[in-house]
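Below: the structure, in structure tokens.
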Amino acid sequence: MVQRIAKTAKIPRHISPHSLRHAAITNALDAGVPLRDAQILARHADPRTNEHYDRARGNLDRHGSDRT
């Protein structure tokens, strides 16, 4: 169903349910949702799994030492 909708929307890249899950976790973390809440959203047993899904994890603006 996801691929059919993506094709109808003329999205040029492959979209899967996993792509949507990845995007949801990344968007939640970017919006400031606590890691624990994103973990519950994704139904992950281990919070380190969410860190893998976080596409912006290399962004230095989000580094813990940059918090003021």
Side-chain angles (χ1 to χ4, degrees):
M1 178 168 54
V2 172
Q3 290 177 2
R4 182 171 39 89
I5 292 168
K7 184 177 179 180
T8 301
K10 297 183 176 19
I11 297 173
R13 23 178 309 206
H14 175 74
I15 302 293
S16 68
H18 186 260
S19 304
L20 298 177
R21 177 186 189 133
H22 216 283
I25 295 167
T26 301
N27 289 334
L29 294 172
D30 284 349
V33 172
L35 182 60
R36 176 71 178 138
D37 292 342
Q39 177 185 351
I40 293 168
L41 167 72
R43 295 184 173 193
H44 289 147
D46 189 335
R48 291 176 293 186
T49 306
N50 282 19
E51 292 172 2
H52 170 73
Y53 279 71
D54 185 6
R55 289 185 176 137
R57 68 184 173 273
N59 184 345
L60 295 178
D61 291 337
R62 291 182 49 196
H63 194 275
S65 65
D66 191 43
R67 303 282 176 179
T68 55

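Position 1 is the first residue of the sequence; numbering continues from there. Just so it is clear, the structure is predicted and the values come from calculations on it, not from any experiment.
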Applying side chain to side chain contact (heavy atoms under 4.5 Å, CB included) to Arg43 and not counting sequence neighbours gives none
First locate atom CD1 of Ile40, then atom CG of Leu35, and finally report the distance between them rounded to the nearest 0.5 Å.
10.0 Å
So, for Gln39 and Ala45, which heavy atoms are closest and what is the spacing to 0.1 Å?
NE2-O, 3.1 Å
Partner set under side chain to side chain contact (heavy atoms under 4.5 Å, CB included) for Ala42, not counting sequence neighbours
Arg21, Ile25, His44, Asn50
Should side-chain heavy atoms under 4.5 Å link Ile, Leu, Val, Met, Phe, Trp and Tyr, which residues sit in the same cluster as Leu20?
Val2, Ile11, Ile15
Do side-chain atoms of Ser19 reach the backbone of Ser16 as a donor and acceptor pair under 3.5 angstrom?
yes
Closest contact, heavy atoms only, Val33 versus Asp37
CG1-CB, 3.6 Å
Can you confirm whether His22 sits close enough to His18 that some side-chain heavy atom of one is under 4.5 Å from a side-chain heavy atom of the other?
yes
